[in-house]
Amino acid sequence: MIDCADHLGAMRAAAPLVHCVTNFVAMEPTANALLAAGAAPAMAHAVEEAGDFATVAAAVSINIGTPSPRWAEGMAAAAGAAAARGAPWVLDPVAVYASPWRGELAARLLALKPTAVRGNASEVLALAGGASAGRGPDAGDAVAAAEDAARRLARATGGVVAVTGPEDFVTDGRRDLRVSGGDKLMTRVTALGCALSAMVGAFLATGRPPLEATAAALAYYGLAGARAAREASGPGSFAPLFLDALAGLDPAADAGALAAAVREGA
Ligand SMILES: Nc1ncnc2c1ncn2[C@@H]1O[C@H](COP(=O)(O)OP(=O)(O)O)[C@@H](O)[C@H]1O
Ligand SMILES: Cc1ncsc1CCOP(=O)(O)O
Ligand SMILES: [Mg+2]
């Protein structure tokens with residue numbers, strides 16, 4: 001059993017600074033999700049300083065959602081600075097299949113060996129070199145179809161790969177975990193995947209084993225999503241309720257529900 005509540009408590013106690021080089025769409029939702037969870041966000045992408053931010057942050061999250069050539073240099077600088085000092089960093093390969101240039105950028109970042117990759121099934125399939133049915137930033141493939149690709153990617157990087165969707169799949173290439181929770185409404189509000197990648201960074205910052213820390217982040221996020229959906233009447237009301245649920249989830253009171261969300265194996 002993975003003690004997700006212990007991971008959540010440790011993350012909140014550390015209140016880790018997560019430096020995000022993320023996309024225009026995701027900046028505010030990501031910063032708000034981190035703050036609601038009890039972490040601290042920083043958003044800065046200029047190549048002149050992205051490495052400086054990454055040098056003091058407890059974790060780094062790199063997201064290729066709205067790249068430009070200079071922005072890409074900021075991503076490489078931040079990822080490189082994190083990798084150089086052994087700090088955890090997460091790669092979110094948003095729509096990696098959308099253009100050859102985006103694919104090359106993702107491959108360049110992947111070569112810096114992210115501690116974790118978090119993407120939807122279409123992104124993970126494409127990042128591993130396969131065909132995918134993704135459309136814009138949205139998945140067109142089932143999570144199950146990306147499991148082998150995720151295991152191969154994890155073995156190639158030495159890190160963790162998380163494929164999210166109706167049920168999330170997390171692997172380090174040897175051990176597989178599955179995480180239930182969430183709600184379909186989470187696909188009707190933009191940037192919740194991007195914010196989740198930064199959340200994985202916050203949990204990795206505790207220094208706990210990356211596979212388990214990633215699963216704990218997904219369980220926490222999914223439980224908050226399911227709770228918010230119970231009260232929401234649509235995507236508009238879901239978004240603030242989700243922030244409240246992230247803030248309100250309690251390691252002691254919710255330990256059972258968090259642990260029940262994660263199962264090992266097939
Ligand atoms: N159909 C679904 N049912 C429940 N939760 C979902 C569903 N689709 C996505 N999620 C959840 O939404 C969050 C964002 O994941 P996802 O939509 O896969 O990422 P992205 O926005 O990058 O495509 C994750 O917590 C995931 O578990
Ligand atoms: C709509 C959009 N366009 C480029 S990045 C982005 C946000 C994608 O967010 P997510 O991958 O979390 O759905
Ligand atoms: Mg995404």
Side-chain angles (χ1 to χ4, degrees), residues 4 20-34 36-37 43 45 61-68 71-72 75 90-99 101-102 105-106 116-127 132-147 150 161-170 177-203 214-230 232 235 238-239 242-243 245-246 249 258 261-262:
C4 297
C20 306
V21 183
T22 191
N23 65 72
F24 279 123
V25 186
M27 283 189 197
E28 185 176 332
T30 299
N32 277 333
L34 288 171
M43 312 281 159
H45 53 267
S61 182
I62 305 291
N63 177 304
I64 64 167
T66 55
S68 67
W71 207 320
M75 293 176 195
V90 183
L91 174 63
D92 186 332
V94 180
V96 56
Y97 39 73
S99 74
W101 180 68
R102 193 177 283 244
L105 171 58
V117 172
R118 199 294 314 166
N120 63 43
S122 298
E123 290 160 348
V124 170
L125 278 165
L127 192 62
S132 92
R135 194 177 63 145
D138 297 328
D141 301 276
V143 171
E147 289 188 6
V161 177
V163 187
T164 56
E167 184 182 54
D168 305 332
F169 174 77
V170 195
L177 300 173
R178 288 179 170 77
V179 184
S180 59
D183 190 275
K184 195 152 178 28
L185 267 180
M186 296 174 89
T187 65
R188 312 304 296 172
V189 176
T190 195
L192 289 193
C194 304
L196 173 55
S197 298
M199 194 68 70
V200 168
F203 277 67
T214 300
L218 300 182
Y220 163 64
Y221 208 77
L223 185 58
R227 292 222 170 133
R230 285 210 304 256
F238 177 83
F242 180 56
L243 292 179
L246 287 173
L249 249 153
L258 287 167
V262 184

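Numbering of ligands and ligand atoms starts at 1, following listing order. In this chain, residues are counted from 1 in sequence order. Computed over heavy atoms, backbone and side chain alike; hydrogens, waters and symmetry mates excluded.
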Please list, one pair per line, the donor and acceptor atoms closer than 3.5 Å that link side chains of residues 23-30 to other protein atoms, with sequence neighbours excluded.
{"unit_1": "Asn23", "atom_1": "OD1", "unit_2": "Val25", "atom_2": "N", "d": "2.9"}
{"unit_1": "Asn23", "atom_1": "OD1", "unit_2": "Ala26", "atom_2": "N", "d": "2.8"}
{"unit_1": "Asn23", "atom_1": "ND2", "unit_2": "Asn63", "atom_2": "OD1", "d": "2.8"}
{"unit_1": "Thr30", "atom_1": "OG1", "unit_2": "Ala26", "atom_2": "O", "d": "2.7"}

With a cut-off of 3.5 Å and sequence neighbours excluded, list every side-chain donor-acceptor pair involving residues 180-196.
{"unit_1": "Ser180", "atom_1": "OG", "unit_2": "Ala261", "atom_2": "O", "d": "3.4"}
{"unit_1": "Asp183", "atom_1": "OD1", "unit_2": "Leu185", "atom_2": "N", "d": "2.9"}
{"unit_1": "Thr187", "atom_1": "OG1", "unit_2": "Lys184", "atom_2": "O", "d": "2.7"}

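Put simply, the side chain of Thr22 does not reach to within 4.5 Å of the side chain of Ser197, judged on heavy atoms. Contact check for Phe169 versus Val161: no side-chain heavy atoms found under the 4.5 Å cut-off. Looking at Thr66 and Trp71, their side chains come closer than 4.5 Å, going by heavy atoms from C-beta outward.
Around ligand 2 you find Asn23, Val25, Gly65, Thr66, Pro137, Thr190, Ala191, Leu192, Gly193, Cys194, each with a heavy-atom distance below 4.0 Å. Within 4.0 Å of ligand 1, heavy atoms belong to protein residues Arg118, Asn120, Pro137, Thr164, Gly165, Pro166, Asp168, Gly181, Gly182, Asp183, Lys184, Met186, Thr187, Gly193, Leu196, Tyr221.
Judged by distance alone, with hydrogens and angles left aside, the side-chain atoms of Tyr97 form a donor-acceptor pair with the main-chain N or O of Gly136 at under 3.5 Å. Not one N or O on the side chain of Glu167 forms a donor-acceptor pair closer than 3.5 Å with the backbone of Val179.
How far CD of Glu123 is from CG of Asp141: 10.5 Å, rounded to the nearest 0.5 Å. Atom CG of Asp168 sits about 11.0 Å away from atom OG1 of Thr214, to the nearest 0.5 Å.
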